There are 2 protein chains.
Amino acid sequence: MSFAPTSSTWAATTIDALRGAGFRTGGARRAVIELLARQTCCLSAQEIWDGLRRESRPVGIASVYRVLEVLADLKLVQRLDVGGGVARYEPMLPSGDHHHHLVCDDCGKVEAFSDEPLEDALRDLGDQAGYDVDAHDVVLRGSCGDCRV
Amino acid sequence: MSFAPTSSTWAATTIDALRGAGFRTGGARRAVIELLARQTCCLSAQEIWDGLRRESRPVGIASVYRVLEVLADLKLVQRLDVGGGVARYEPMLPSGDHHHHLVCDDCGKVEAFSDEPLEDALRDLGDQAGYDVDAHDVVLRGSCGDCRV
DNA sequence: TGCGAAAATGATAGCGAGTCTCATAACTGC
DNA sequence: GCAGTTATGAGACTCGCTATCATTTTCGCA
């Protein structure tokens, strides 16, 4: 169980990828990307909006969603649902490394984990089913060590 | 890859479990349970509401959500997110058998699959992380055979 | 460096899933 | 049957997210 936190190069890579795809780079886009680059796990759009506002870099909520949509389409961020009707987003590293999530139903905490055998099993399954799988989410729910006491 | 469809005994078991937990059995509750029992894969609350309406068994949308909430709390149905901001529900069989989902991002189709090695891997992971896991969702996204042509 | 076309941004209205409230209807034990 | 309690349904409401559109910003090009 391990996960290398997002390096600061992700921001640069992402902005390059956007320009390569013909997008211009406005302030909102850069602000969202730079905030995401500093995170180690998933954030909701609201959390991103709050974070930017707290750093005195206010951005329209619509822009936050737009940036996230573009980034998700280009597979530069992963969008995932951990329940509660709120989508969460996190950087996708160019290395292809990624992780999945443990969600505590009691306190709402979200933790990351990664596991290579699990990835292998998932890859095989997609092939087997005739699907061209380009993303997979694994969410384990339960009570974390703290809440179970 | 296999999945035994929900048997009609699930409805009876579920109603018994509700009564055992001190709930009464009104018409809406029974209608939702009986409709769910006939499904082989997950349904959204709206689809359940539409289905009941189509069988001339109209039920308030609030009741549908209430029934689903109670059933999910008692672990008689599994609630899962396959994206799109809509929760889906499906019966949890007493045998403990369950399955996961392949979602086609193009046509929205949802298919079920199950895989024992995957279950083992997930069980091990939960233990390893110190979590008391009581549910897990695995969602593979991509293009299905039909859409990829 | 300055211009203009085209894209990005932000405020706000709109949409839809899901929840809350409360008066009414139905169930259950007696 | 009756009374007490629970379930139900209509509709108002919340909130995450999207669509719209006027304004601002970016960037190729002279």
Side-chain angles (χ1 to χ4, degrees), chain A residues 14-36 42-53 55-74 76-77 79-89 108 110, chain B residues 14-36 42-53 55-74 76-77 79-89 108 110:
Chain A
T14 298
I15 289 176
D16 284 353
L18 281 175
R19 314 194 96 212
F23 291 95
R24 294 182 183 172
T25 312
R29 212 163 263 173
R30 193 162 15 226
V32 170
I33 290 169
E34 285 174 0
L35 189 144
L36 271 174
C42 51
L43 287 178
S44 68
Q46 280 295 333
E47 285 165 350
I48 293 169
W49 187 80
D50 288 343
L52 291 173
R53 179 155 277 257
E55 327 181 335
S56 311
R57 188 126 184 219
V59 157
I61 187 73
S63 296
V64 173
Y65 282 107
R66 258 184 310 233
V67 174
L68 292 171
E69 187 187 353
V70 169
L71 293 178
D73 281 352
L74 295 178
L76 294 165
V77 303
R79 177 184 192 149
L80 55 114
D81 284 310
V82 297
V86 186
R88 303 179 79 89
Y89 302 82
V110 178
Chain B
T14 298
I15 288 175
D16 284 353
L18 281 175
R19 314 195 96 211
F23 292 96
R24 295 183 182 171
T25 312
R29 213 162 263 173
R30 194 164 13 228
V32 170
I33 290 170
E34 286 172 0
L35 189 143
L36 270 174
C42 51
L43 286 178
S44 68
Q46 280 294 333
E47 286 165 351
I48 293 169
W49 187 80
D50 288 343
L52 292 173
R53 180 153 275 255
E55 328 180 335
S56 311
R57 188 126 183 220
V59 157
I61 187 75
S63 295
V64 173
Y65 283 108
R66 258 184 309 233
V67 173
L68 292 171
E69 188 187 352
V70 169
L71 294 178
D73 282 351
L74 295 178
L76 295 165
V77 302
R79 176 184 193 150
L80 57 113
D81 283 311
V82 297
V86 186
R88 303 178 78 90
Y89 302 82
V110 178

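Residue numbering restarts at 1 for every chain, and letters A, B, ... go by the order of the sequence lines. As a basis for the values below, the full set of heavy atoms in this structure was taken, side chains included, without hydrogen atoms, waters or symmetry mates. Please read all numbers here as calculations on a predicted model, not as lab measurements.
Mapping Val67(B) and Ile61(B) onto DNA chain D via the closest heavy atom, the residue that lands nearer the 5' end is Val67(B). Nearer to the 5' terminus of DNA chain C, by closest-nucleotide assignment, is the contact made by Glu69(B) (compared with the other of Gly26(B) and Glu69(B)).
Among the protein residues, Arg19(B) comes within range of the sugar-phosphate backbone only, with heavy atoms under 4.0 Å from sugar or phosphate atoms but none that close to a base. Using a 4.0 Å heavy-atom criterion, one finds that Ala28(A) contacts the sugar-phosphate atoms exclusively. At the heavy-atom level, Ser44(A) lies nowhere under 4.0 Å from the strands shown.
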Dump every N/O contact between nucleotides 21-23 of chain D and the protein below 3.5 Å, one line per pair.
none

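Spacing between atom CZ of Arg53(B) and atom P of dT8(D) amounts to 16 Å, rounded to whole angstrom units. Separating the CG atom of Leu68(B) from the P atom of dA7(D) is a distance of 15 Å, rounded to the nearest angstrom. In this entry the distance linking CH2 of Trp49(A) with P of dA11(C) reads 9 Å, nearest Å. For Leu18(A) and dC27(D), the CG to C1' distance is 15 Å, given to the nearest whole Å. Rounded to whole Å, atom P of dG16(D) lies 15 Å from atom CG of Leu43(A). Regarding Leu52(A), its CG atom lies at a distance of 12 Å from the P atom of dT9(C), rounded to whole Å. Between the CZ atom of Arg57(A) and the C1' atom of dG10(C) there is a distance of 15 Å, given to the nearest Å. Taking atom CD on Glu47(A) and atom C1' on dC15(D), their separation rounds to 15 Å, with Å as the unit.
Minimum heavy-atom separation, Leu68(A) to Ala45(A): CD1-CB, 4.0 Å. Counting all heavy atoms, side chain and backbone alike, Gly27(A) lies closest to Arg57(A) at O-NH2, 3.8 Å. For the pair Leu74(B) and Ala21(B), the tightest heavy-atom approach, listed with the atom from each and the gap, is CD1-CB, 4.3 Å. Between Arg88(A) and Glu47(A), the closest heavy-atom pair is NH2-OE1, 3.2 Å. Listed here is the closest heavy atom pair of Asp81(A) and Ala87(A): OD1-CA, 3.8 Å.
Relative to the side chain of Gln46(A), the nucleotides dG16(D), dA17(C), dT12(C) differ in distance, and dG16(D) lies closest. For Phe23(A), counting side-chain heavy atoms from C-beta on, the closest listed nucleotide (dA10(D), dG18(C), dA8(C)) is dA8(C). When distances run from any side-chain atom of Ala45(A) to the nucleotides dG9(D), dA19(D), dC17(D), the shortest one goes to dC17(D).
Taking only side-chain nitrogens and oxygens, Tyr65(A) comes nearer than 4.0 Å to OP1 or OP2 of dC17(D).
Judged purely by atom type and a 3.5 angstrom limit, Trp49(B) has no side-chain atom pairing as donor or acceptor with the backbone of Gly60(B). At least one donor-acceptor pair under 3.5 Å links the side chain of Arg29(B) to the backbone N or O of Arg24(B). Judged by distance alone, with hydrogens and angles left aside, the side-chain atoms of Arg79(B) form no donor-acceptor pair with the main-chain N or O of Asp73(B) at under 3.5 Å.
Checked by distance alone, Arg24(A) brings a side-chain donor or acceptor within 3.5 Å of a matching partner on the base of dA6(C).
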